Number of protein chains: 2
Amino acid sequence: MEHLFRKIERRDTLTDEERRVLEQAVSQVIDLPARKLIVREKVQLDHSNLLLSGLVCRYKDLPDGQRQILEIHVPGDFLDMHSFLLKKLEHNVATLTPCRIAFFPHDRLKAISEEHPHLARMLWLGTLMDAAMHREWILSVGRRSAIGRLAHLFAELLIRMQIVGLASDSEYMLPLTQVDLADATGLTSVHVNRMLRELRDTGVMSLRDGRVVIEDLAQLHRLGGFDPGYLYLDKQPR
Amino acid sequence: MEHLFRKIERRDTLTDEERRVLEQAVSQVIDLPARKLIVREKVQLDHSNLLLSGLVCRYKDLPDGQRQILEIHVPGDFLDMHSFLLKKLEHNVATLTPCRIAFFPHDRLKAISEEHPHLARMLWLGTLMDAAMHREWILSVGRRSAIGRLAHLFAELLIRMQIVGLASDSEYMLPLTQVDLADATGLTSVHVNRMLRELRDTGVMSLRDGRVVIEDLAQLHRLGGFDPGYLYLDKQPR
DNA sequence: CGTAGAATTGAGCAATGTCAAATCACGTGG
DNA sequence: CCACGTGATTTGACATTGCTCAATTCTACG
C-alpha cells in the first residue's frame, strides 16, 4: 500500500493509526491479467478497489461501438472509491496491463466514515482529485488540438507516475496501444499515429516499446498547455 | 434550501435533525447579478457555496482565450463543495443569470464531517455526482457529434431542472447565449447556431428567448445517446 | 513459416472552424 | 417617438483539422 500512502502524504499527513486502519480494511488481494474487466457498469457493488500495481482505465462505450477512456489509473489510485456511495458505476473499469488489486469492502469503508472522520476526508479527497482530473480531461477533448491532447496526457502521467516513484525525470513505462491513446483523447488511432510521429520528429518525446521518453519537457508542456495546479500537490491539513 | 433537500431526497433520506444541521451551517446569503465571478481559480477559500436560485457555470480558460465550460449548475447544487477539502479551485465559477447563493463556512462543514457522518456522506455524494456528470461530459466532447452534444446537454438539463421542480415535462428556462453553448460543448458559436437551427427545423426542440421547448423527447435522446443512469436517480441508503 | 495484432502510410473526404458581413433585439439618450 | 449603439443571432464562402477506408509493413510468438 506504499503507493497509496505516498499519494496521500503528498497532500496531507496520515497517522500510524490511520495507516493501520487502512491496511486492515483490505479483505482480499487479487492478480489480474491485462485487458480484463474489473467493474462492469450498472452492477451492484459491495467493495471498492485499490490499484497496487499495473495500469487501469475507466471507459464508456457508445452504442455505435465508439469508446471513450475517462481516466488512466496508476498504482496507489482507488479505481472506484465512488462506488462506496454510488453503489454501482455508470462506466466500466478494466486493466490495461497485468495488475494487483486490493478489495475494500463497503461496510468497512462505512465504518471508517463513522469512526475516522479525517481518514474519511482523505478518501473523499481522492475522489475530488479524480473529479479535478476529469475537468482537465474535458478541457483537453473540448478545446485542445490533437497534438495538445496527447502532450497533456503524457505530461500528466509523468507527474502522477513520479509521485508514486514509477517515473524518472523523463521516462516511464506506458504500454498502451495507439487505439487506447485514441480512445483517451477522442481521436482516431490513425491520427494518433501521425501526431506521435510529429512529437518524435520534432524531438519532444517518443513512445516506443511501451516506454515514454521525454526529451523536451518544456515544449511538451507548451504543446499541452500543461499547468499542474489541478493535481493539488501542496501538503496541508484537510 | 428546499431545492437541495429535494435533490438529496431523490437519492437517500434526510432526518429532520440533518436538515436543521444543514440550515444552521449557512453563514450568509447573498444575491449576485448575471455574469459575475463567484470563485476565482487558485485563491484560498474558507467557505463553499450552495446555489439557491439562478444558473451558474464552472469553466476553465486557455492561454489563447478559448474557454471550456465544465458544468452548468441548477438550484440545489453546491457550486464548490470540493473546495472544502481542496482549499482552492483550479477553475472559475461564475453566474450566468442573477443568482442567490448561500455560504457554508469550511469550519462548519468540518464539524459536520466529524459529528454527522451520514450527512457528510450526503455531501460527499454530491461531489461524486458532479464527477459522474463530468465523465458524461467527457464522453460528449470526446465522441459525440456536434448535434449529439447539444441534444445531450438539453436532455440532461431537462431532468436536472425537473428534479428541483423548475421544468415541466418539456420546457425550462435556459438563458444562455450561443457562445455559452459553444463553450460548453467544445464547438464554435457559428456551428452551434447551425445545429440549433437543425434541431428546430427537424421539430426536435427549439431554444428561443432563453426557453427550451422540447417537441420530440425520444428523438432528442436518440440524437444525444442519452441514458440517465449516470444521474443516479435511485433512492437507497448510502 | 504463418498468423494476428499493432503500427504506418496514402488518398480522398466530411465535419467543423474561420472570417466577414448582415440582420435582429433591445435599452438609452435626445 | 426615433436614432443610435451594443451584443446576440444568422448567413455565406472558404479553409482546415482530423476522419475514413484500404493497403502495407512490422513485430512477437507459436
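Worth saying up front: this structure is predicted, and the values here are computed from it rather than measured. All values below were derived from every heavy atom in this structure, side-chain atoms included, with hydrogens, water molecules and symmetry-related copies excluded. Chain identifiers are assigned alphabetically (A, B, ...) following the order of the sequence lines, protein sequences preceding nucleic acid strands; residue numbering begins at 1 within each chain.
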**Fill in**
If each end axis of the helix from C/dC1-D/dG30 to C/dG30-D/dC1 is fitted on five C1' pair positions, the angle between them, to 10 degrees, is 30°
**Asked** Within this structure, what is the CG-to-C1' distance between A/L187 and D/dT16, rounded to whole angstrom?
**Response** 15 Å
**Asked** What closest approach, in Å, do B/L174 and B/F154 show between heavy atoms, and which atom pair accounts for it?
**Response** CD2-CE2, 3.7 Å
**Prompt:** Base, sugar-phosphate alone, or nothing: which one does B/G186 contact when heavy atoms must sit under 4.0 Å apart?
**Reply:** sugar-phosphate
**Message:** Check A/R135 with B/E71, please: is the shortest side-chain N to carboxylate O separation under 4.0 Å?
**Reply:** no
**Request:** Could you check how far CE of B/M195 sits from P of C/dA15, rounded to whole Å?
**Result:** 9 Å
**Complete:** Per the under-4.0 Å heavy-atom filter, residues of residues 134-153 of chain A near DNA chain C come out as none
**Message:** Rounded to whole Å, please give me the gap between CG in A/D64 and C1' in D/dC19.
**Reply:** 14 Å
**Message:** How close do B/K42 and A/D227 get, counting heavy atoms only, and between which atoms?
**Reply:** NZ-OD2, 2.7 Å
**Prompt:** Closest heavy-atom contact between B/L166 and B/Y172?
**Reply:** O-CB, 3.9 Å
**Message:** Could you tell me if the side chain of B/V29 sits less than 4.5 Å from the side chain of B/F103, heavy atoms only?
**Reply:** no
**Prompt:** Taking NZ, NE, NH1 and NH2 as the nitrogens, is one of them in A/D180 or A/R35 under 4.0 Å from a carboxylate oxygen of the other?
**Reply:** yes
**Message:** Between A/R144 and A/E136 (salt bridge meaning N to carboxylate O under 4.0 Å), is one present in this structure?
**Reply:** yes
**Request:** Do nucleotides 3-10 of chain C as a string where each nucleotide becomes B, S or -: B if the base has a protein heavy atom under 4.0 Å, S if just the sugar-phosphate does, - if no protein is that close.
**Result:** ---SSBBB
**Prompt:** Quick one: do A/D234 and B/K87 make a salt bridge, cutoff under 4.0 Å?
**Reply:** no
**Item:** N-O pairing of B/D130 and B/R58 below 4.0 Å
**Value:** yes
